[in-house]
Amino acid sequence: MEERESHQGWPRGTAVIGAGKMGLGVAECFAAAGIRVLLTDATPELTREAKGRLVRRTKGHADAGLLAEGAVGRVEAVETADDVAGAVGDVGLVFEAVPEDIGLKEEILNSCSAAVPEDAVIVSNTSSLPINDLSDFVGRPERFCGMHWFNPPEWTPGVEVIPAAATAPEVVERLVEFLRSIGKRPAVVGDGPGFVANRIQNALFLEAVRCVEEGLASPQEVDEVVRSCFGFRLPFFGPFQISDMAGLDVYENVLDVLKEGLGERFTAPESLRKLVEEGRMGTKSGAGFLQYTDEERERLLLERDRRYAALGALLEDLPPVDVGKDTS
């Protein structure tokens with residue numbers, strides 16, 4: 001495992017508040033990148049136990065070849081604090097990762113605001129709570145932002161950055177630059193219910209459950225369809241570029257069939273119908289949701305084929321993850 005260059009620059013240190021699954025994963029990610037980390041949980045005893053779990057899991061990752069050996073020493077150097085004030089008093093970034101309870105978030109964010117340096121940024125890792133509501137709990141809310149990591153945080157590259165209405169633009173820019181510097185792929189999204197990832201992920205989940213409930217397939221068969229058909233594309237392309245490559249007229253026709261058979265939830269969006277009416281069918285016409293020159297189109301389609309072939313070969317080399325039995 002090649003070791004990443006140690007992180008330099010902002011922030012001068014980070015405080016991770018909450019040592020559950022997400023908090024520990026983020027603490028490992030920060031520490032492995034060479035960033036000073038102070039960790040605290042609900043009690044000093046729980047904090048010490050969490051530090052032990054953090055070191056053990058990092059050693060396990062290094063033993064499995066997932067981290068360079070040097071990362072273990074950096075994680076062993078993670079400091080613990082007995083309370084929030086002791087963790088945040090001299091850091092540039094506070095990462096709040098306590099459970100999704102609005103009252104608890106209010107208490108912790110108030111405590112952070114009272115003790116953190118004036119120039120520090122405070123972020124809340126939440127997958128569902130409105131960021132504008134959380135910003136009300138922060139003194140000087142212009143330095144506050146939502147930051148939604150995904151499980152497992154050590155390895156999942158995507159992070160949603162969710163500004164509140166009061167968040168200063170330079171704070172968003174600083175967070176995006178920081179996340180990129182430690183190997184993450186941030187996307188700045190709006191403060192709507194579920195943000196973007198959970199909204200799309202749960203739409204997929206609901207249809208998967210309906211397919212099982214309607215007797216179309218077992219859970220294992222649905223997983224195989226998702227994994228090896230359209231899901232096979234998703235490491236490389238998102239839904240707009242995939243639809244452009246397939247053809248927006250094809251999507252419109254399929255949606256009309258789905259609407260007839262399954263109802264209004266599959267009504268084709270007006271934005272899609274308008275593009276088709278204008279002759280913007282996707283890559284084959286040079287424009288769809290995105291626009292393509294002839295050279296860009298040929299390069300995209302060739303790169304698509306190259307990436308799909310490489311992923312297919314990788315999956316052939318990996319053993320199957322054959323775990324779990326059908327209970328439906």
Side-chain angles (χ1 to χ4, degrees), residues 20-22 25 64 66 100 126-128 148-160 185 187 189 192-269 271-273 276 282-283 288-289 300-301 303-328:
K21 182 184 296 184
M22 297 303 292
L66 302 176
E100 297 278 85
T126 177
S127 59
S128 60
H148 180 206
W149 291 53
F150 296 85
N151 189 44
E154 307 95 311
W155 317 119
T156 307
V159 179
E160 290 179 313
R185 300 181 67 88
V189 304
F195 314 130
V196 173
N198 270 332
R199 182 169 170 177
I200 294 173
Q201 178 174 261
N202 281 284
L204 167 65
F205 173 69
L206 288 174
E207 288 302 324
V209 172
R210 290 183 181 118
C211 287
V212 173
E213 290 178 343
E214 294 169 14
L216 295 180
S218 69
Q220 291 99 323
E221 288 163 337
V222 170
D223 277 354
E224 181 61 29
V225 168
V226 172
R227 184 188 70 82
S228 62
C229 298
F230 66 87
F232 187 84
R233 309 163 180 160
L234 294 177
F236 309 110
F237 306 105
F240 290 108
Q241 204 152 39
I242 289 172
S243 65
D244 272 358
M245 288 187 284
L248 301 189
D249 53 332
V250 175
Y251 266 56
E252 183 183 40
N253 291 335
V254 170
L255 284 168
D256 287 343
V257 172
L258 290 171
K259 178 184 176 182
E260 183 176 351
L262 296 171
E264 295 295 322
R265 70 180 185 271
F266 284 103
T267 300
S271 58
L272 172 66
R273 293 201 187 277
V276 173
T283 54
F289 284 106
L300 171 65
L301 297 178
E303 190 59 34
R304 174 198 65 184
D305 295 344
R306 181 179 290 119
R307 291 178 183 224
Y308 290 176
L311 180 57
L314 173 63
L315 293 175
E316 285 293 322
D317 291 340
L318 292 172
V321 183
D322 188 15
V323 176
K325 301 295 184 220
D326 185 8
T327 60
S328 62

Going from [atom1] on [X] to [atom2] on [Y], what distance comes out if it is rounded to the nearest 0.5 angstrom?
{"X": "Gln201", "Y": "Leu206", "atom1": "CD", "atom2": "CG", "answer": "11.0 Å"}
{"X": "Leu315", "Y": "Phe232", "atom1": "CG", "atom2": "CZ", "answer": "6.0 Å"}
{"X": "Glu224", "Y": "Glu221", "atom1": "CD", "atom2": "CD", "answer": "9.5 Å"}
{"X": "Leu301", "Y": "Met245", "atom1": "CG", "atom2": "CE", "answer": "7.0 Å"}
{"X": "Arg227", "Y": "Gln220", "atom1": "CZ", "atom2": "CD", "answer": "13.0 Å"}
{"X": "Asp256", "Y": "Glu260", "atom1": "CG", "atom2": "CD", "answer": "9.0 Å"}

Please determine whether side-chain contact (heavy atoms from CB on, under 4.5 Å) holds for the pair Leu300 and Thr283, giving the CA-CA distance in whole Å, both sets of side-chain angles, and the decisive distance to 0.1 Å. CA-CA 9 Å; Leu300 171 65; Thr283 54; 3.9 Å; yes
Stepwise side-chain contact (heavy atoms from CB on, under 4.5 Å) test for Ile242 and Tyr251: CA-CA 10 Å; Ile242 289 172; Tyr251 266 56; 3.7 Å; yes
Decide yes or no for Lys259 and Leu262: does some side-chain heavy atom of the first lie under 4.5 Å from some side-chain heavy atom of the second? no
State, with a plain yes or no, whether a side-chain heavy atom of Asn253 is found less than 4.5 Å away from one of Val257. no
Heavy atoms only: give me the nearest [X]-[Y] pair and the separation to one decimal.
{"X": "Asp244", "Y": "Phe289", "value": "OD1-N, 2.9 Å"}
{"X": "Glu154", "Y": "Gly25", "value": "CG-O, 3.6 Å"}
{"X": "Leu272", "Y": "Ala268", "value": "CD2-CB, 4.3 Å"}
{"X": "Ser218", "Y": "Val212", "value": "C-CG2, 4.0 Å"}
{"X": "Phe150", "Y": "Glu160", "value": "CZ-OE1, 3.6 Å"}
{"X": "Ser127", "Y": "Asn198", "value": "O-ND2, 3.1 Å"}

Looking at Val276, is its backbone amide N or carbonyl O close enough to the side chain of Glu252 to form a donor-acceptor pair, meaning the two atoms are under 3.5 Å apart?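 Judged by distance alone, no pair lies under 3.5 Å.
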Whether Thr156 side chain and Pro153 backbone form a donor-acceptor pair below 3.5 Å: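 Judged by distance alone, no pair lies under 3.5 Å.
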Using the side-chain contact (heavy atoms from CB on, under 4.5 Å) rule, take Thr126 and His148 through it: C-alpha gap first, then chi angles, then the decisive distance, then the call. CA-CA 6 Å; Thr126 177; His148 180 206; over 6 Å; no
Would you call Asp249 and Arg273 a salt bridge, taking side-chain N to carboxylate O under 4.0 Å as the test? no
Determine whether more than 12 heavy atoms belonging to other residues, nucleotides or ligands lie under 6.0 Å from atom [atom1] of [X].
{"X": "Phe205", "atom1": "CZ", "result": "no"}
{"X": "Arg210", "atom1": "CZ", "result": "yes"}
{"X": "Glu316", "atom1": "CD", "result": "no"}
{"X": "Arg265", "atom1": "CZ", "result": "yes"}

What is the ring orientation for Phe236 with Tyr308, classed by angle as parallel under 30°, tilted 30 to 60°, or perpendicular over 60°? tilted
Just do the side-chain contact (heavy atoms from CB on, under 4.5 Å) check on Val159 and Arg185 with the steps written out, would you? CA-CA 6 Å; Val159 179; Arg185 300 181 67 88; over 6 Å; no
